[in-house]
J.: 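Here it is, the structure in full.
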Amino acid sequence: MILLKEKGSSSESSNVKKGFIKKMSFTQFLMFGYSVLILASALLLMLPISSTDRVFTPLNACVFTTTSALSGTGLILYDTYTYWSLFGQIIIMLVIQVGGIGFMSIALFALSFTGRKIGLKQRVTMRESIGGMSDGGIVKMTQFILKGTILFEGAGTVALSFFFVPRCGFWRGVYFALFHSISAFCTAGMDLMGYFEPYSSLINYNDSILLNVPIIILLVVGGIGFFTWEDICVHKHHFKKYRAQTKIILVITLVFYIMGMLDMFLLEWHNTLEGLTPGGKFIASSMLMTSGRDAGFAPINVGALKQTSIMVMLILMFVGGSPGSTACGIKATTFAVMILTISSVFKKKKSIECFGRRIDDATVRSACCITTLYFVVVIFGAIIITALDGLELTPVVFELVSAISSNGLSMGITQSLSDFSVAIVIFIMFFGRIGGISFIVSLSNNVASNKSLLPEEKIML
């Protein structure tokens, strides 16, 4: 009788768990999944086997590291190579990979191999995970994402081996190449360059073609987005046939790169780039401008940048990458919609148009909401951290924009943050990874009723 009771209570507990998961919305399920992954990997990093000194690592530091890895941020409290053991580094690398392509991508790809039918809920959740616009063809897109990931990360590993193998030996060199290839494609910015000098990132090799060019290519591929690459693969070089979203992303990417390079040539040529050859300056500038939008690979000392350059970097980081990519930020399309909205107001147009297409009002409202949310989170975070830790405003704002956009560049204050400030940065990194609207929606299942409209009243602006 006792055995039957225990079995029954176990079954009831299982049913409760299943019911709990079934009641979750799609965004809540994503948030729950990422939270579990962060905590589980953090617990593994706490173990002595994960550190080189074989000591227990504080939980808050481990959660910070795994959140940074999952969100593709790249901010670190400890040097990745010198502090973490091989086991710890592999845990971090796997979290970066899952965070970059989404755990739902991996789950659906595995299901497709088993032959099991993939339901509507899984398709919608997958769409939310990768930022898709519709449920149609989502399984095919999943396969495209994973095949593309393997292709580019494999090619990146081979290319980077030409830099690492001669300097680190064959097996270590291949491992370093794989780690940096995954980190670059997933726009994480975490590196193992501590092997040469702790916390040095790419500074000691900022003019190396063998190191920088493959990473730049991987950052561009990962940051542009899977849907953009699908559009390019289908229509090849026929720009007119691209979706409006693809056109916006390509134009914004090019404009930001040119703007950043002009800033580096005009203001940093005889400052942070001093001592490099003209070719080296071009490579280092390209790395900073590409990494400044998507990842946290630092080819120069960011803290030594001029104030104008820091402002340019803040803009690049805040906007971030593209929808459906491994990068975060408000996204290039959100930025474009905001600029187009301003333009339409000045031109007194009733609708917002771009590349012969009209942008719907719901997209405009979402763009305004996302931008405002990100501004509010950064502002309040900066107020709290400057009050608690007594740090200067500029590096704090830079750190928080880097965190919310999952960028990872820092002006060198990460290790100076108090425990409470670390918790704030963890929250902001998680907020940036989930996405502003998704994060807010996940807190409630309530849907506003639109059955009746209230009387309209104009408000002066």
Side-chain angles (χ1 to χ4, degrees), residues 100-102 105 108-109 112 123 126-127 129-160 181-182 184-187 209 212-261 282-283 286-287 289-291 293-295 316 319-329 331-337 339-340 352-360 363:
I101 62 176
S105 300
L108 285 192
F109 191 66
S112 67
R123 292 173 186 270
M126 177 61 200
R127 184 199 66 197
S129 178
I130 63 176
M133 292 180 288
S134 66
D135 303 334
I138 203 68
V139 176
K140 187 178 179 181
M141 173 55 70
T142 305
Q143 295 173 347
F144 176 80
I145 290 171
L146 291 175
K147 289 176 182 177
T149 299
I150 294 170
L151 174 64
F152 283 108
E153 289 181 354
T157 301
V158 173
L160 288 170
S181 181
I182 292 174
F185 183 78
C186 296
T187 63
I209 295 176
N212 289 275
V213 172
I215 289 179
I216 289 173
I217 293 173
L218 288 167
L219 289 175
V220 171
V221 172
I224 281 181
F226 306 112
F227 295 97
T228 304
W229 284 114
E230 183 205 27
D231 203 10
I232 293 173
C233 289
V234 171
H235 297 110
K236 304 296 189 285
H237 60 279
H238 301 290
F239 185 79
K240 290 184 179 180
K241 295 183 179 180
Y242 294 165
R243 292 188 292 260
Q245 173 174 304
T246 301
K247 294 175 182 177
I248 289 171
I249 290 168
L250 294 178
V251 169
I252 293 293
T253 300
L254 181 61
V255 168
F256 275 17
Y257 178 78
I258 293 172
M259 179 182 73
M261 292 298 286
F282 180 80
I283 292 173
S286 296
M287 172 57 76
M289 289 307 103
T290 308
S291 183
R293 285 191 63 201
D294 304 326
L316 295 177
V319 173
S322 309
S325 73
T326 57
C328 295
K331 303 295 172 59
T333 46
T334 302
F335 175 78
V337 170
I339 296 298
L340 291 169
I352 299 168
E353 301 167 353
C354 181
F355 293 112
R357 295 291 186 270
R358 181 173 56 85
I359 299 173
D360 65 292
T363 301

J.: At their closest point, which heavy atom of S322 faces which heavy atom of I224, and how far apart are they?
T.: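 Answer, listing the atom of S322 first, then I224: CB-O, 3.0 Å.
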
J.: Using the ring-ring contact (aromatic ring centres under 6.0 Å, His included) criterion, which residues pair with F256? Sequence neighbours excluded.
T.: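 Expected list: F335.
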
J.: Within this structure, what is the OG1-NZ distance for the pair T334 and K331, rounded to the nearest 0.5 Å?
T.: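 Answer rounded to 0.5 Å: 7.5 Å.
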
J.: Say whether, by atom type as modelled, one donor and one acceptor occur between the side chain of K247 and the main chain of K240 under 3.5 angstrom.
T.: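 Yes, the answer is positive, given that a donor and an acceptor are paired below the 3.5 Å cut-off.
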
J.: First locate atom CG of L340, then atom OG1 of T363, and finally report the distance between them rounded to the nearest 0.5 Å.
T.: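 Result: 11.5 Å between the selected atoms.
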
J.: Would you check if C186 and E153 make a side-chain contact, meaning some heavy-atom pair closer than 4.5 Å?
T.: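 Yes, close enough: below the 4.5 Å cut-off.
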
J.: What are the two closest heavy atoms between Y242 and H235, and how far apart are they?
T.: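 Taking every non-hydrogen atom into account, CE2-CB, 3.7 Å.
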
J.: Looking only at heavy atoms, what is the nearest atom pair of I248 and A332, with distance?
T.: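 So the minimum-distance heavy-atom pair works out to CG2-O, 4.4 Å.
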
J.: Identify, with sequence neighbours excluded, every residue that meets side-chain hydrogen bond (donor to acceptor under 3.5 Å, both in side chains) alongside Y257.
T.: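 So Y257 forms a side-chain hydrogen bond (donor to acceptor under 3.5 Å, both in side chains) with S286.
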
J.: Do R293 and T253 touch side chain to side chain, with heavy atoms closer than 4.5 Å?
T.: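 Yes, close enough: below the 4.5 Å cut-off.
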
J.: Just by modelled atom types, is the T246 backbone N or O under 3.5 Å from a matching donor or acceptor in the D231 side chain?
T.: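 Here the side-chain-to-backbone pair does not exist.
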
J.: Tell me whether the rings of F355 and F239 are parallel (<30°), tilted (30 to 60°) or perpendicular (>60°).
T.: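 It falls in the perpendicular class, over 60°.
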
J.: For the atom pair CD1 (I209) and CZ (F282), what is the distance rounded to the nearest 0.5 Å?
T.: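 I209 CD1 to F282 CZ: 10.5 Å, rounded to 0.5 Å.
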
J.: Quick one: CD1 on I150 to OG1 on T157, what's the gap to the nearest 0.5 Å?
T.: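 The CD1 atom of I150 sits 11.5 Å away from the OG1 atom of T157.
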
J.: Looking at every heavy atom in both M287 and I215, which two are closest together, and how far apart are they?
T.: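 The answer is CE-CG2, 3.5 Å.
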
J.: Compare every heavy atom of A244 with every heavy atom of R357, then report the nearest pair and how far apart it is.
T.: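 Nearest pair, atom of R357 first, then A244: CG-CB, 4.2 Å.
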
J.: More than 12 foreign heavy atoms under 6.0 Å from CG of L151: is that the case here?
T.: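 Enclosed.
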
J.: Of all the heavy-atom pairs spanning A295 and L219, show the shortest one and how long it is.
T.: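 Result for this residue pair: CB-CD2, 3.4 Å.
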
J.: Going from CE on M289 to CD1 on I216, what distance comes out if it is rounded to the nearest 0.5 angstrom?
T.: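 Atom-to-atom, M289:CE and I216:CD1 are 11.0 Å apart.
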
J.: Working to the nearest 0.5 Å, report the span between CD1 of I232 and NZ of K241.
T.: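 Reported to 0.5 Å precision, the distance equals 15.0 Å.
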
